[in-house]
Structure formats: structure tokens, C-alpha cells
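Have a look at the structure below before the remarks.
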Amino acid sequence: MRTELRGTPTSISLPNPNLLQNPQGSLPGALRGCLGSLDGACIEKLLLHCAGALESNDVTLAQQVMWVLNNVASPNGDPNQRLTSWFLRALIARASSLCPTAMPFAATGLARARPMTVTELAGYVDLTPWHRFGFSASNGVILKAVQDRPKVHVLDFGITHCMQWPTLIDALAKRPEGPPSLRITVPSARPPVPPSLNISIEEVGIRLAKFAKFRDVPFEFHVIKPNSAHSDDSIDTALRFRQELASGQLDPSSLGLRDDETLVVNCQSWLRYLPEESGGTTRDPSSRDGFLGFIHGLGPRIVTVTDEDSDLDSSSLTSRIMACFNYLWILFDALETFLPKEGPQKTEYEADIGQKIENIIGFEGDRRIERSESGARFMQRMRRARFQSIQFDEETVKEVKLLLDEHASGWGMKKEEDMLVLTWKGHSSVFTTAWVPDGFDE
């Protein structure tokens, strides 16, 4: 669906504009009243109408509502209009798969933008505190947990290609007692989501090693490879990610654990891509609770988890659309405050958000991999998995606040239980937490 290249700003072209050629006279009066409206509440009403029509297989009503949405949406309008443009694409794709005869466009899945260079990725991560918030808070609690420890092993599960670790390496180099030896282990399996990088994870490790050497931090980098006998390149990328993760990448024997190392587990935007269990089993380490059980069994010194603070995993399309619209508005509104309306950087960032919307709205089953849950629900899940939360110390909170001062004034932070929550104009966006296994002994 998404074909534009990075650095080439383009308007959003709808996949099947013929769907929207519906005479205004055939619309229900309630929908006609929303023509041309820029009001967010009206857009929510339209989205609800469309979701209800699709859930009840009423293709005619769905077409009518999408015609109205097309009159409201604009890829170059205000945040609500731009966000609606991506919802419209996702709804058309879903409707096309529901009734391919009436809607000849066939959804082709998630297209990928040109992979970024390391420099572009750094700029992408620095654009908002969306990722850096979790990096800063997690690094602070990790530093405290490994104080005076001579050897540290980090298991890193994330989607930002190890962008978190240069800052930690630099902080470890400044320890009064001297730096520890640091070993980072990552799985080669990765969810098929932005951002993508134009070098391999092994090359990332080589660059980290060079930086660690420059900072006089002893360093090792290890990539866990999947069992090739179980990897199938012909299947859907989302299914292949889960298949590779389950085929030996989450096996204690593949991690090279050493008794003299302090183990740290770091999860950044990772758990939402793991499915719930099927058949009630928690033994599969590639499932959400199975993964947490696997981590618990490793006996880590500290576990850090950062993810998006929104419930986008409902089986109801209506519930998902409402939660998704109100949540992803945050990023569209934030980008509006400091980027040119038609600049390439804004176009690229919003297109990546659009890819998320297409997955949440356009797909079901195993192909719908965007399944985030709120921080409150996640806290309950972690406690069921026999973890106990720990508070972030004052120094870490201070560092996070300094980070937020570098960004637009709308960004803030609040504390909920032992969570730190990134906010935009008071709306929760990202949560970060720290955990130890129940019964952890200092």
C-alpha cells in the first residue's frame, strides 16, 4: 500500500478511489451532516458507523460512510484530517477484502519504505521522545542495578536496532569504580515494523564494539540465529518473526549465560508484537505470557519494559478504531507543533504511523501484529508472571525530565504506581517500568 520512498514527500493516494464515488443524495441524514466537518467528534462518529457496517457486512453503508470520510480527510490538513486519511486507506483495504467483487482493490499487506541509514535512524529516534523516554529511564535503572558489578550481560529485545546502548556504554565508562565488561545479546528475529535499517544487526554490533573500545569499555556482541530448519522465507513476515523466535532463539542454551555475569533483560516496544496464548498454554516462549515465564526462569537482576500505553488488542473492530484514533492522534498533533506541514520528514514519520493503522484496522488473525495493551493491564500481567515492580530513583527521574526539556513543551511525564508515563498535553502515550522476579535476593 505504501510505495513512497524516504526523502520523497508524496500525497497519500487512496487504493481505490472508485469506492468513494457515491452520490450525496443517497447518504443517511446523520452522515450528510458531517460533510466537510473538521470536528474530531464527528470524525469519530463516522469511523464508528463504518466499523459497525463492516462488522455487520453492510458494504453499501460502509461505502457511504467512506465517501463522507473522503470529504473530510486530507493528507495535508490538520492532525485530525491527516490521521483520517490513513484510517480511510485502512478501511478501504478491509472493505475490499470483505467484498472483492464490489471492491476490486485487494489488500497486499504492509509495504516497507526504503531502509534508513544509521544517521537517518538517529534523527528518527531523536525527533520525539517516543523512544528516548524509555531509553533514558531504562538506562538509569540498569546503571543502578549493575553498580559495582564487574560483568554485565544485557538481553536486548527491541525494534530500534540497539540505538539505546551508546548512551549506556558512555555512562558505564564514567563509573567511579571503572567500567564493567559489557555483553549484549540480541535475537536476529525482529517484528516487520518501522524503522528498518540498511545494515545488518551484525554490522550494528561491530559499530557498537568500536564505540565501546573508544570509551574503554570491554565489549562483546552476540546475535542469536534461528534454527534454519524451521525458518520459512515463503510465509508472511509476521508469521516468520514468530516462527523464528520460537525456533531456538528463546532457548537458554542459545544465550550463552555465564554464572559470573549480572543479567539484565531489556524490552523496548517488543511485547506488543507477541501474541496471546492459543489453547491456554503458556509454554511457548514466543507468546506473551510464555516469554515472561521464560525471562523469569533466567533469574535476571533487573527487567525493564517500555511500550505504548494504549489498548489496541480488542477483537472488536469498533473498539480498536476508537482506541487507535484517539491514541495515534497524539503523534500527529505533536509533529504538527515543530515540523513543516508538507516537509519530507513529517511525511515519512506519519507514513510509518499509517502502516501501524493499516495493520490494526485492515487485518485480523496472525497478520494483525500490532496488539498493544495499556500500562495498567501490563502491570497486572507482570504480577501474574511472578514479577514485582521497583521504583525509578530520583536521579533517573531527573534525567528523564532533562530529556523532555529538549523537546516541545507539550511533552510531560507522570507517575502511576511504579510506572513512569510519557504524556502529550496530558494524554498518556508511552509507559516504562522496571521489575525483579518475586523473591529476588540482593
How long is the straight-line distance from CD1 of Ile159 back to CG of Leu197, given to the nearest 0.5 Å? 12.5 Å
Residue pair Thr160 / Gln268, side-chain donor-acceptor N/O under 3.5 Å: no
Close side-chain approach of Met419 and Thr432, heavy atoms under 4.5 Å: no
Is it the case that the side chain of Asn71 and the backbone of Trp67 share a donor-acceptor pair, with hydrogens and angles ignored and the cut-off at 3.5 Å? yes
Between Gln345 and Tyr124, a side-chain donor and acceptor under 3.5 Å: no
With rounding to the nearest 0.5 Å, note down the distance linking CG in Leu127 to CG in Leu335. 6.0 Å
Donor-acceptor under 3.5 Å (Glu373 side chain, Asp313 main chain): no
Output all residues satisfying side chain to side chain contact (heavy atoms under 4.5 Å, CB included) with Ser374, sequence neighbours left out; order by chain, then residue number. Asp309, Asp311, Ala376, Arg377
Sequence neighbours excluded, the answer for ring-ring contact (aromatic ring centres under 6.0 Å, His included) partners of Phe431 is Phe378
Assess the side chains of Asn198 and Thr117: does a donor N or O sit below 3.5 Å from an acceptor N or O? no
Apply ring-ring contact (aromatic ring centres under 6.0 Å, His included) to Phe392 and list each qualifying residue two or more places apart in sequence or on a separate chain. none
Any side-chain heavy-atom pair from Lys425 and Asp333 closer than 4.5 angstrom? yes
Taken to the nearest 0.5 Å, the spacing of Asn70 CG from Ser85 OG works out to 8.0 Å
Could you list the residues that satisfy ring-ring contact (aromatic ring centres under 6.0 Å, His included) with Phe87, not counting sequence neighbours? Phe325
Hey, are Glu364 and Arg320 close enough for a salt bridge, meaning a charged N less than 4.0 Å from a carboxylate O? yes
Where at least one partner belongs to residues 187-208, residue pairs that pass salt bridge (charged side-chain N to carboxylate O under 4.0 Å, His left out), sequence neighbours excluded: Glu202-Lys225, Glu203-Arg207
Is the backbone N or O of Arg272 less than 3.5 Å from a side-chain atom of Arg371, with the two atoms forming a donor-acceptor pair by type? no
Using only atom types and a distance under 3.5 Å, with no angle test, would you say the side chain of Ser188 pairs donor to acceptor with the backbone of Ile224? yes
Under the side chain to side chain contact (heavy atoms under 4.5 Å, CB included) test, residues paired with Ser389 that sit two or more places apart: Met379, Arg383, Asp418, Trp435
Using the ring-ring contact (aromatic ring centres under 6.0 Å, His included) criterion, which residues pair with His161? Sequence neighbours excluded. none
Report the residues that fulfil side-chain hydrogen bond (donor to acceptor under 3.5 Å, both in side chains) with Trp130, sequence neighbours left out, ordered by chain and then residue number. Glu308
Taken in chain and number order and not counting sequence neighbours, the residues that satisfy side chain to side chain contact (heavy atoms under 4.5 Å, CB included) with Glu399 are Ser136, Glu395, Leu402
Nearest-0.5 Å distance, OG1 of residue Thr306 to CZ of residue Arg132: 14.0 Å
The side-chain hydrogen bond (donor to acceptor under 3.5 Å, both in side chains) partners of Thr337 (sequence neighbours excluded) come to none
Glu416 and Lys414 ion-paired at < 4.0 Å: yes
Tell me whether Tyr327 contacts the main-chain N or O of Ser429 through its side chain, where contact means a donor paired with an acceptor under 3.5 Å. yes
Pairs involving residues 64-76, ordered by first then second residue, that meet salt bridge (charged side-chain N to carboxylate O under 4.0 Å, His left out) (sequence neighbours left out): none
Does the plane of the ring in Phe291 sit parallel, tilted or perpendicular to the ring in Trp270? Use 30° and 60° as the thresholds. tilted
Using only heavy-atom distances, determine whether the side chains of Thr128 and His407 contain a donor-acceptor pair under 3.5 Å. no
Do Ser287 and Glu276 pair up side chain to side chain, a donor and an acceptor below 3.5 Å, judged on atom types alone? no
Given 3.5 Å as the limit, does a donor-acceptor pair link the side chain of Ser74 with the main chain of Asn76, or not? yes
Identify, with sequence neighbours excluded, every residue that meets side-chain hydrogen bond (donor to acceptor under 3.5 Å, both in side chains) alongside Thr396. Asp393
